[in-house]
Amino acid sequence: MGERVYGFNGVSPSAGKPGRKRYAMVIDLRRCTGCNACTASCKTAYDVPLGESRIWLMEAEVGEFPNTKRNVLPRLCNQCDQPSCIRNCPTKATFKHPDGFVLQRYNRCIGCRTCMVACPYNARHFLPEHRRDPRNPRNVADKCDFCIVRVTRGLAPICVDSCTGGAMIFGDMNDPESEVSRVFLENKTFTLRPEQGNAPQVFYIGLNEQIADPEFAFHHRSAQLHARYNTFKRNSEVGGEMAGNIIDTDMGFFGLVRQALRNYKTFFKDAPHKIFRGLF
Amino acid sequence: MEGQIIANGFHHAYWGFPIATYFWLVGASAGSFVISTLGWVFGVKKYKPTAFFASNMAIALLMIVPLILIIDLGKPFRFFHLLMLPSFSHWSAPMIWGSCFILSYPVGMMFYSYFVYKKNEKWARILGILAVVLALCTHWYTGVVIQLNPSRLPNHASVAPILFLTGAYVSGIGLLNILLWIRNRFVGPKSQVSSGLIADMARLMLYGIVFDLFLLWNEFLQMTYGLGEEHTMLYDVLLGPFRWPYFYLEIIWGLVIPLIILIIPKINRQLFWVLLASFMCATGVYGMRIWWVMASFYYQGHY
């Protein structure tokens with residue numbers, strides 16, 4: 001274990017250093033079938049709350065019948081080498097492990113959600129007050145940690161283990177013999193939002209604008225999907241946590257007032273639970 | 001947002017109405033404190049009668065701020081993690097800078113208020129300079145917290161802190177005008193603030209309004225040169241879900257109508273119209289805080 005990295009560093013702390021690991025992931029989109037096994041296994045393993053995901057799948061359909069294609073894109077924390085979340089975290093609750101993981105310390109996090117605002121990949125989420133297992137952390141930010149608990153014990157991350165198509169390849173980039181290095185060198189790889197300058201360590205093979213460019217992929221908005229989103233936001237306690245919940249169909253003047261009042265209601269309703277939970 | 005919907009990952013907007021209110025309160029506080037220091041620090045004698053009230057108003061507004069911020073934290077009792085410099089806190093995070101400002105700014109204001117009350121010219125001036133710098137820094141940092149997020153399209157612009165400060169200036173004067181008028185109803189004629197002075201302050205507000213509109217124009221002009229995401233953002237902020245806070249509440253109600261009121265020579269010194277313009281400005285800036293905080297979180301869901 002070396003020193004943790006908190007700030008704007010420039011390069012991966014373990015890049016090219018012999019004896020050090022530099023974990024990265026290559027996702028071969030040509031082999032991804034969009035089966036969601038990674039999402040399901042991750043949610044099960046880590047008790048990820050309703051409405052949030054550590055790994056999730058974006059899907060976009062292009063073309064007209066019969067010439068159609070469904071593009072899928074597994075999304076997870078990119079374990080960036082220059083992570084905005086770490087730069088913006090005020091309490092050093094999140095840091096870069098020298099082996100490449102970007103990790104979260106729940107005991108240090110104050111739940112200010114700056115990291116979630118800073119993350120260009122939407123990879124962070126907030127753990128709600130009510131957890132399935134009450135011993136699990138709550139009211140703090142959480143993220144994908146490349147399954148450090150499994151990786152340090154010699155296992156692959158659970159999404160990689162459960163991938164039915166063998167699309168996800170995980171390993172040590174410092175080891176030229178590893179599968180991930182070989183695949184990385186032999187294929188043209190892309191990262192998401194390279195213009196953000198975060199140096200992501202999740203590489204995609206076969207990424208194209210049909211899925212990676214949201215404007216291209218989701219140009220035709222589906223009214224049905226929006227209705228689902230809004231229904232979820234209206235009904236779910238999880239969606240209403242922390243008073244930042246917007247129902248996008250209700251943004252007229254009175255809708256705005258209604259949403260503000262509702263958000264303040266959750267804000268004040270949550271307050272005593274957050275403050276006095278240890279006392280009763 | 002479609003990405004979230006399709007992926008079944010309904011990540012919510014992280015900062016909501018409470019944070020928008022916090023920005024508005026800090027802004028109004030900073031704006032009214034700038035007016036408070038005009039007389040004692042910058043030597044504009046006619047604003048001296050407003051100084052004590054404006055400074056106290058700034059302190060009162062700033063007292064609400066830590067309550068909102070701390071309650072909004074997921075772990076309110078860990079707020080002291082922000083203050084444990086240099087061992088614990090992270091210097092590169094703008095929120096740390098802000099914590100220092102928010103702590104020191106009201107203290108500076110309180111000392112300034114005390115010396116204004118004692119009519120101690122020298123120390124009021126010294127502490128006024130200190131506190132007005134802290135006031136500007138406190139609000140500058142709220143802009144920076146929003147600005148230093150590279151993926152938030154409209155916010156990641158160097159104009160953001162200046163826009164925040166201008167909004168603060170405008171809303172601070174607006175709120176101060178309203179409260180001075182209310183105060184006039186309860187104090188004797190000797191300590192009342194004349195309506196001429198209120199109109200003069202509205203004149204100062206007018207300059208802020210013009211500058212604010214100019215900055216917004218620049219901000220959105222830049223976005224017309226963006227990629228698809230910028231265009232979506234521009235369209236939906238102007239005409240989509242955020243048209244009420246942004247277009248109607250901020251631009252029309254908060255800036256354009258007060259601008260029209262304050263440039264018509266016949267009515268721009270009449271108390272009713274001046275107070276109406278002040279009220280519109282003070283409330284309109286809240287619309288800016290809402291869309292500035294929440295709109296970009298709404299669009300981030302693409303990714």
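Hydrogens, waters and symmetry mates play no part in the numbers below; they use all other heavy atoms, side chains included. Here is how names work: the chains are called A, B, and so on, in the same order as the sequence lines, proteins then strands, and each is numbered from 1.
Put simply, SG on A:Cys89 and CD1 on B:Ile96 are 8.5 Å apart, with the number rounded to the nearest 0.5 Å. The line from CD1 of B:Ile19 to CG of A:Asn263 is 12.0 Å long, rounded to the nearest 0.5 Å. The distance from the CG atom of B:Asp72 to the CZ atom of A:Arg113 is 4.5 Å, given to the nearest 0.5 Å. Of the inter-residue distances, the one linking A:Ile275 atom CD1 with B:Phe77 atom CZ reads 6.0 Å to the nearest 0.5 angstrom. Between atom CE of residue B:Met95 and atom OG1 of residue A:Thr114 there is a gap of 3.0 Å, rounded to the nearest 0.5 Å. Atom CG of B:Leu73 sits about 10.0 Å away from atom CG of A:Asn139, to the nearest 0.5 Å.
In this structure, A:Asn88 and B:Leu148 approach most closely via the heavy-atom pair ND2-O, 3.2 Å. Contact between A:Val140 and B:Arg78 at its shortest, heavy atoms only, is CG1-NH1, 4.1 Å. Closest approach of B:Arg243 to A:Met251, counting heavy atoms only: NH1-O, 4.2 Å. Scanning all heavy atoms of the two residues, the minimum distance from A:Cys119 to B:Ser151 falls at O-OG, 3.9 Å. Nearest heavy atoms, A:Phe267 versus B:Pro18: CD1-CG, 3.6 Å. What you find for A:Tyr264 and B:Phe17 is that their closest heavy atoms are OH-O, 3.4 Å.
Residues that satisfy the side chain to side chain contact (heavy atoms under 4.5 Å, CB included) test with B:Phe279, not counting sequence neighbours, are B:Ile178, B:Trp253, B:Thr283. Annotation: side chain to side chain contact (heavy atoms under 4.5 Å, CB included) contacts of B:Phe88 (sequence neighbours excluded): A:Arg108, B:His81, B:Met84.
Between chain B and the residues A:Ser84, A:Ala271, A:Cys109, the most heavy-atom pairs under 4.5 angstrom are made by A:Cys109. Each of B:Leu69, B:Val145, B:Ile290, B:Thr21 has some count of heavy-atom pairs under 4.5 Å with chain A, and the biggest count is that of B:Thr21. Of the listed residues B:Val293, B:Asn149, B:Ile70, the one with more heavy-atom pairs under 4.5 angstrom with chain A than any other is B:Asn149.
Using a 4.5 Å heavy-atom cutoff, the side chains of A:Lys274 and B:Pro76 are in contact. Residues A:Thr91 and B:Ser89 have side chains not in contact (no heavy-atom distance under 4.5 Å, counting atoms from C-beta outward).
Surrounding OH of B:Tyr248 are at most 12 heavy atoms belonging to other residues, nucleotides or ligands under 6.0 Å away. Open room surrounds CZ on A:Phe253; 12 or fewer heavy atoms of other groups in view lie less than 6.0 Å from it.
Side chain of B:Lys75 to main chain of A:Arg138: a donor-acceptor pair is present (N/O by atom type, distance under 3.5 Å, no hydrogens or angles).
Residue B:Pro150 touches chain A through both its backbone and its side chain, counting heavy-atom pairs closer than 4.5 Å. With a 4.5 Å cut-off on non-hydrogen atoms, A:Phe254 does not touch chain B at all. Residue A:Gln259 touches chain B through both its backbone and its side chain, counting heavy-atom pairs closer than 4.5 Å.
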Using the side chain to side chain contact (heavy atoms under 4.5 Å, CB included) rule, take A:Val117 and B:Trp15 through it: C-alpha gap first, then chi angles, then the decisive distance, then the call. CA-CA 8 Å; A:Val117 176; B:Trp15 292 340; 3.9 Å; yes
